[in-house]
Trainee: 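Would you mind keeping the following structure in view while I ask a few things?
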Amino acid sequence: MIIDGKAVAARVRAEVAAQVAELKRRGVAPGLTVVRVGEDPASAVYVRNKIKACAEAGLVSTEHHPDETISQAELLALIARLNADPAVHGILVQLPLPRHISEQVVLEAISPLKDADGFHPFNVGCLWTGKPAPRACTPHGVMRLLDEAGVDLKGKRALVIGRSNIVGKPQAAMLLERHATVTIAHSRTPDLAAEVARADVVVAAVGKAEMVKGAWVKPGAVVIDVGMNRGADGKLVGDVEFAAAALRASAITPVPGGVGPMTIAMLLANTAELAARTVR
Ligand code: NDP
């Protein structure tokens, strides 16, 4: 089975649109504010896509676009204003930030109650202790894809390749919560092929084109490819050797059209949920 991320993301977005419409009937217009510092070209594209997706789901979106010379103190003051603004339900600071600003300090300044990306340490702690809170969008989207594909995770060996704060670690927490037996591999893992060969579910989040070989995949395994890499021809390729892996996997996500569309969909879902919490 090729897992169709575009179709699942469209369903999530329709659910969010319905939730937003209901909130508006109750007098709440859910709003996401994006802060983009400076002129990173990739960030400009990501933010444009997020704002467009907000509009399609009926969310109010605003963008703050300070110059890259903004000081950390000025950026923190902007975040403090957004934290205090009742019309703002979700705040997202697009990374990377200029080098003179600490990403960690800025992310921790966002109120956990408005943390649309789910990166605040308080919300990360909620994830690991099983409390409801906004969750990192990409791994949250992966969980939805696994659910839609009917994958029963209980007791399965799940391998997460990558241990970043935005994908690998929260992914491992979410798989563990669903009773998988979780292994996390990273750059110091000595025999990745052997780890992959044992896994019933593989989530690859490395950032190296086709580094997970199809021949490593256990027959019948489920393969989720988070990687987004530009090939030599400029085309987007994943971390998994797709054609060879697809011959062995029972279900696999393509790149593009797999995990990618889920990230923005889950960002919208997080924002709508943060707004809903203000009236519960
Ligand atoms: P990071 O660079 O932060 O993390 C990469 C991880 O891969 C690290 O933990 C690193 O290990 C590990 N790694 C590197 N080399 C190897 C290796 N040879 N074997 C095993 N593990 C290795 O990346 P991100 O988590 O931010 O992103 C990962 C990929 O996912 C990227 O391609 C990115 O573009 C994509 N992505 C896609 C999204 C989407 O919406 N589809 C959203 C976010 C990311 P170590 O910690 O030891 O250095």
Side-chain angles (χ1 to χ4, degrees), residues 3-10 12-13 34 40-43 45-50 52-53 92-97 103-104 107 116-119 124 127 134-146 158-175 182-199 202-213 216-217 223-232 234-242 245 252-270:
I3 300 174
D4 184 348
K6 266 196 199 159
V8 177
V12 172
R13 286 153 78 137
V34 181
D40 179 68
S43 294
V45 176
Y46 294 146
V47 168
R48 201 163 50 238
N49 290 341
K50 287 168 186 175
K52 185 165 161 265
L92 180 156
V93 176
Q94 184 66 45
L95 303 178
L97 292 172
E103 291 185 352
Q104 204 52 38
L107 293 181
D117 263 333
F119 292 163
V124 175
L127 169 63
R135 296 184 163 196
C137 299
T138 302
H140 199 188
V142 167
M143 298 310 288
R144 178 74 189 251
L145 289 179
L146 290 169
L159 174 69
V160 179
I161 316 177
R163 56 173 166 181
S164 69
N165 289 333
I166 63 168
V167 189
K169 283 185 211 160
Q171 188 73 75
M174 291 176 206
L175 291 163
V182 181
T183 301
I184 307 176
H186 47 76
S187 66
R188 318 298 208 280
T189 300
D191 189 353
L192 187 61
E195 298 296 343
V196 173
R198 262 194 294 274
V202 178
V203 180
V206 181
K208 291 192 173 151
E210 300 187 322
M211 61 95 65
V212 176
K213 302 302 168 201
W216 299 352
V217 172
V223 179
I224 305 289
D225 192 349
V226 180
M228 292 203 300
N229 312 288
R230 287 273 161 215
K235 283 204 184 116
L236 207 56
V237 282
D239 289 345
V240 178
E241 209 184 25
F242 179 81
I252 186 166
T253 57
V255 176
V259 176
M262 294 303 292
T263 299
I264 291 185
M266 301 319 280
L267 171 71
L268 304 180
N270 275 355

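We count ligands from 1, going down the list as the structure has it; atoms in each ligand are counted the same way.
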Trainee: Whether the side chain of Thr253 engages the backbone of Asp225 through a donor-acceptor N/O pair (distance < 3.5 Å, no angle test) should be reported.
Mentor: yes
Trainee: Looking at atom 31 (C) of ligand 1, what's its closest protein heavy atom, distance included?
Mentor: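 I find the closest protein heavy atom is Gly207 CA, 3.5 Å.
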Trainee: As an exercise, identify every atom of ligand 1 less than 4.0 angstrom from a heavy atom of Ile161.
Mentor: 20 (C), 21 (N)
Trainee: Note the single closest protein heavy atom to atom 8 (C) of ligand 1, along with its residue, its atom name and the distance in Å.
Mentor: Arg163 N, 4.0 Å
Trainee: What is the minimum heavy-atom distance between Ala136 and Ile166, and which atoms define it?
Mentor: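 In terms of heavy atoms, the two residues are closest at CB-O, 3.7 Å.
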Trainee: Please give me the minimum heavy-atom distance between Lys169 and Asn165, naming the atom from each residue.
Mentor: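 It is NZ-OD1, 2.9 Å.
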Trainee: Using a 4.0 Å cut-off to any heavy atom of Ile166, which atoms of ligand 1 qualify?
Mentor: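 The list of qualifying atoms is 26 (O).
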Trainee: Atom 34 (O) of ligand 1: which of His186, Met228, Met266, Met262 has the nearest heavy atom?
Mentor: Met228
Trainee: Evaluate Thr263 for polar contact with ligand 1, using N/O atom pairs at a separation under 3.5 Å.
Mentor: yes
Trainee: Among all protein non-hydrogen atoms, which one is nearest to atom 42 (C) of ligand 1, and what is the separation to 0.1 Å?
Mentor: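 The protein heavy atom lying closest is Thr138 OG1, 3.2 Å.
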Trainee: Closer than 3.5 angstrom, by distance alone: can the side chain of Glu103 be matched with the main-chain N or O of Pro96 as a donor-acceptor pair?
Mentor: no
Trainee: Against heavy atoms of Met211, which atoms of ligand 1 measure under 4.0 Å?
Mentor: 17 (C), 18 (N), 19 (N)
Trainee: Which protein non-hydrogen atom lies closest to atom 24 (P) of ligand 1, naming both residue and atom, and how far is it?
Mentor: Ser164 OG, 3.7 Å
Trainee: Using a strict 4.0 Å cut-off to heavy atoms of Gly260, name the atoms of ligand 1 that fall inside it.
Mentor: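 By the 4.0 Å cutoff, the relevant atoms are 41 (N).
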Trainee: Quick test: of every protein heavy atom, which one is nearest to atom 14 (C) of ligand 1, and how far off is it to 0.1 Å?
Mentor: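 I find the closest protein heavy atom is Val206 CG1, 3.6 Å.
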Trainee: As a check for students: among Gly168, Ser187, Gly5, identify the option with a heavy atom nearest to atom 22 (C) of ligand 1.
Mentor: Ser187
Trainee: Got a donor-acceptor contact below 3.5 angstrom from the Thr189 side chain to the Leu192 backbone?
Mentor: no
Trainee: Within a distance under 4.0 Å of any heavy atom of Arg188, pick out the atoms of ligand 1 and give their elements.
Mentor: 47 (O)
Trainee: Within the side chain of Asp239, is there an N or O that forms a donor-acceptor pair under 3.5 Å with the backbone of Met211?
Mentor: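 Looks like no, no N/O pair under 3.5 Å.
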Trainee: For Glu210, is there any backbone N or O sitting under 3.5 Å from a side-chain donor or acceptor partner on Lys213?
Mentor: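 Present.
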Trainee: Which of the atoms in ligand 1, numbered in the order shown and given with their element, are less than 4.0 Å from a heavy-atom of Asn229?
Mentor: 32 (O)
Trainee: Look at atom 15 (N) of ligand 1 and say which protein heavy atom is nearest, naming residue and atom and giving the distance to 0.1 Å.
Mentor: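 Its nearest protein heavy-atom neighbour is Lys208 NZ, 3.1 Å.
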Trainee: Please round to the nearest 0.5 Å and tell me the distance separating atom CE of Met262 and atom CD1 of Ile224.
Mentor: 10.0 Å
Trainee: Cys137 and Ala116: which non-hydrogen atoms are nearest, and at how many Å?
Mentor: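 Looking at all heavy atoms of both residues, the shortest contact is SG-O, 3.9 Å.
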Trainee: Identify the heavy atoms of Asn270 and Arg135 that sit nearest to each other, and give their distance.
Mentor: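 What the structure gives for the nearest pair is ND2-O, 2.9 Å.
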Trainee: Among protein heavy atoms, which sits nearest to atom 44 (C) of ligand 1, and what does the distance come to when rounded to 0.1 Å?
Mentor: Val167 CG2, 4.0 Å
Trainee: For ligand 1, which atoms have a heavy atom of Val226 less than 4.0 angstrom away?
Mentor: 30 (O), 35 (C), 36 (N), 37 (C), 41 (N)
Trainee: Using atom types as modelled and distance alone, determine if a side-chain donor or acceptor of Asp117 lies under 3.5 Å from a backbone N or O of Leu92.
Mentor: no
